[in-house]
Amino acid sequence: MSLNTKQSIRCPKCGQMNDITVWNSITVKDSADLKSDLLAGRVNMFHCPSCSHTALMPTPMLYHDEEKRLMISFSPCNDEVLKQQLFDNIRTTSRESGELEKLEGYNLRFIADYNELLEKILIFDNDMNDKAVEVIKLMILMQEPEKADWRTCRFGKVENGNIEFMVFDEKENQIYTSSVPMETYNTLWTQLRESGVKPYSFDWEMVNSAYATKLLNGFNN
């Protein structure tokens, strides 16, 4: 079930009070239109009609797609220490409550970045697994290792048998595209599974560039 709360928020820029709807959970089966709003960047985004100031609400949200067997716990956070604490908390709580046992066969993801949340949804919507995609993203960035520290790679779309990625360069303030054949993904995903990587989760996971680095170094699940 999708759940929301009504809140009155004072705009931090102009001070105007605004009534907004904040979503705490989204269940795709019950709220297809809400999922479309999320992918369009309209969910839990504060927009002041008086001064046009826009900001993401710092509200945790649970995303559940039963068909894709995907559950994402999203907690907006920029602090790495707090992020790890929140991740550890959801792992502990899920085990102690018995919830984890009910989610067998699911991909369980913990995410603290809004753009990453949207990216994960798109990856699974294309019937792909983000573990292989994260490895491909890392390989794209390593094509120019001297620039990798200030570049971010994001999954874009699948078209004409190719996967398009977007590379954001903070120093150059430019966006580049990189195209990878779908066959490359299929081969890599097969290799990862043969090495022991599971197509589902045993626990909540953070699947990101750090996770991809561990995979390339021989670590699996």
Side-chain angles (χ1 to χ4, degrees), residues 1-28 30-65 70-90 93 109-125 130 133-134 137 141 147-157 164-178 204 206-210:
M1 179 183 296
S2 298
L3 302 173
N4 65 64
T5 57
K6 307 295 183 181
Q7 298 184 20
S8 293
I9 304 295
R10 184 182 300 278
C11 176
K13 186 174 182 180
C14 71
Q16 178 70 35
M17 293 298 297
N18 297 277
D19 294 327
I20 68 169
T21 299
V22 176
W23 290 94
N24 307 104
S25 69
I26 294 177
T27 301
V28 175
D30 303 328
S31 313
D33 290 344
L34 188 56
K35 175 185 175 180
S36 297
D37 287 342
L38 174 63
L39 291 174
R42 293 193 291 264
V43 170
N44 291 356
M45 295 296 293
F46 171 79
H47 180 76
C48 180
S50 298
C51 70
S52 299
H53 177 70
T54 300
L56 174 67
M57 296 294 296
T59 305
M61 183 182 71
L62 189 68
Y63 176 89
H64 182 199
D65 189 332
L70 173 67
M71 186 171 285
I72 300 174
S73 176
F74 172 58
S75 293
C77 176
N78 294 320
D79 184 275
E80 288 300 318
V81 174
L82 177 58
K83 177 181 175 181
Q84 186 63 48
Q85 291 175 347
L86 293 170
F87 177 56
D88 292 340
N89 286 343
I90 191 173
T93 302
R109 300 291 184 262
F110 176 83
I111 292 173
D113 179 83
Y114 191 77
N115 288 325
E116 187 179 352
L117 167 66
L118 305 186
E119 179 188 40
K120 295 293 185 190
I121 294 172
L122 290 175
I123 290 171
F124 283 95
D125 276 357
D130 58 336
V133 171
E134 287 295 335
K137 287 165 56 179
L141 291 177
K147 299 181 179 181
D149 287 344
W150 59 83
R151 284 185 168 182
T152 302
C153 185
R154 294 288 185 198
F155 172 87
K157 61 183 178 181
E164 184 178 288
F165 293 88
M166 295 174 292
V167 179
F168 302 87
D169 191 304
E170 294 182 10
K171 278 193 175 182
E172 299 176 7
N173 194 28
Q174 293 287 334
I175 299 176
Y176 303 95
T177 59
S178 180
W204 288 92
M206 283 195 286
V207 178
N208 48 26
S209 59

Exercise for the section: Check Lys137, Arg109, Lys157 against Glu119 for a salt bridge (Lys or Arg N to Asp or Glu O under 4.0 Å) and give me the one that passes. Expected result: Lys137
Completion exercise
Hits for ring pair (Phe, Tyr, Trp, His ring centres under 6.0 Å) against Phe87, two or more places apart or cross-chain, chain-then-number order -> Phe110
Handout entry: Inter- and intrachain pairs under salt bridge (Lys or Arg N to Asp or Glu O under 4.0 Å), touching residues 166-175, at least two apart
Key = Lys147-Glu172, Arg151-Asp169
Problem - Flag side-chain contact, heavy atom, 4.5 Å: Cys153 against Ser178 - result: no
Handout entry: Results of side chain to side chain donor-acceptor pair (under 3.5 Å) for Lys6 - residues two or more places apart only
Key = Thr21
Problem - Qualifying residues under side chain to side chain contact (heavy atoms under 4.5 Å, CB included), relative to Ser209, sequence neighbours excluded - result: none
Exercise for the section: Hey, could you give me the CE/CG distance between Met206 and Leu86, rounded to the nearest 0.5 Å? Expected result: 9.5 Å
Problem - Leu118 vs Leu38 side-chain heavy atoms within contact, under 4.5 Å - result: yes
Problem - Partner set under side chain to side chain contact (heavy atoms under 4.5 Å, CB included) for Ile9, not counting sequence neighbours - result: Gln7, Ile20, Phe46, Met57
Practice task
State the CZ-OH distance between Phe124 and Tyr63, to the nearest 0.5 angstrom.
Solution key: 10.5 Å
Problem - Whether over 12 other heavy atoms sit under 6.0 Å from Asn78 CG - result: no
Fill in the blank from the handout: Residues pairing under side-chain hydrogen bond (donor to acceptor under 3.5 Å, both in side chains) where one sits in residues 50-60, two or more places apart or in two chains, turn out to be His47-Thr54
Problem - Distance (rounded to the nearest 0.5 Å) between Ser25 OG and Ile72 CD1 - result: 13.5 Å
Completion exercise
Residues passing the side chain to side chain contact (heavy atoms under 4.5 Å, CB included) test with Ser2, sequence neighbours excluded, are Trp23, Ile26, Thr27, Ser31, Leu34
Handout entry: Spacing of Ser73 atom OG and Leu117 atom CG [to the nearest 0.5 Å]
Key = 10.0 Å
Fill in the blank from the handout: With sequence neighbours left out, the residues meeting side chain to side chain donor-acceptor pair (under 3.5 Å) with Gln84 are Asp88
Problem - Flag, side chain of Asp79 to backbone of Cys77, donor-acceptor distance under 3.5 Å - result: no
Handout entry: Separation between OG1 of Thr152 and CG of Leu141, rounded to the nearest 0.5 Å
Key = 7.5 Å
Handout entry: Set of residues satisfying side chain to side chain donor-acceptor pair (under 3.5 Å) with respect to Asp19, sequence neighbours excluded
Key = Ser8
Exercise for the section: Compare all side-chain heavy atoms of Asn24 with those of Met61 and state whether any distance is below 4.5 angstrom. Expected result: no
Handout entry: Pairwise side-chain hydrogen bond (donor to acceptor under 3.5 Å, both in side chains) hits with a residue in residues 33-43, at least two apart
Key = Lys35-Asp125, Asp37-Arg42
Fill in the blank from the handout: By side chain to side chain contact (heavy atoms under 4.5 Å, CB included), Asp149 pairs with (sequence neighbours left out) none
Handout entry: Side-chain heavy atoms of Tyr176 within contact of Phe168, under 4.5 Å
Key = no
Practice task
State the CG-CZ distance between Asp130 and Phe155, to the nearest 0.5 angstrom.
Solution key: 11.0 Å
Problem - With sequence neighbours excluded, residues passing side chain to side chain donor-acceptor pair (under 3.5 Å) with Asp113 - result: Arg154
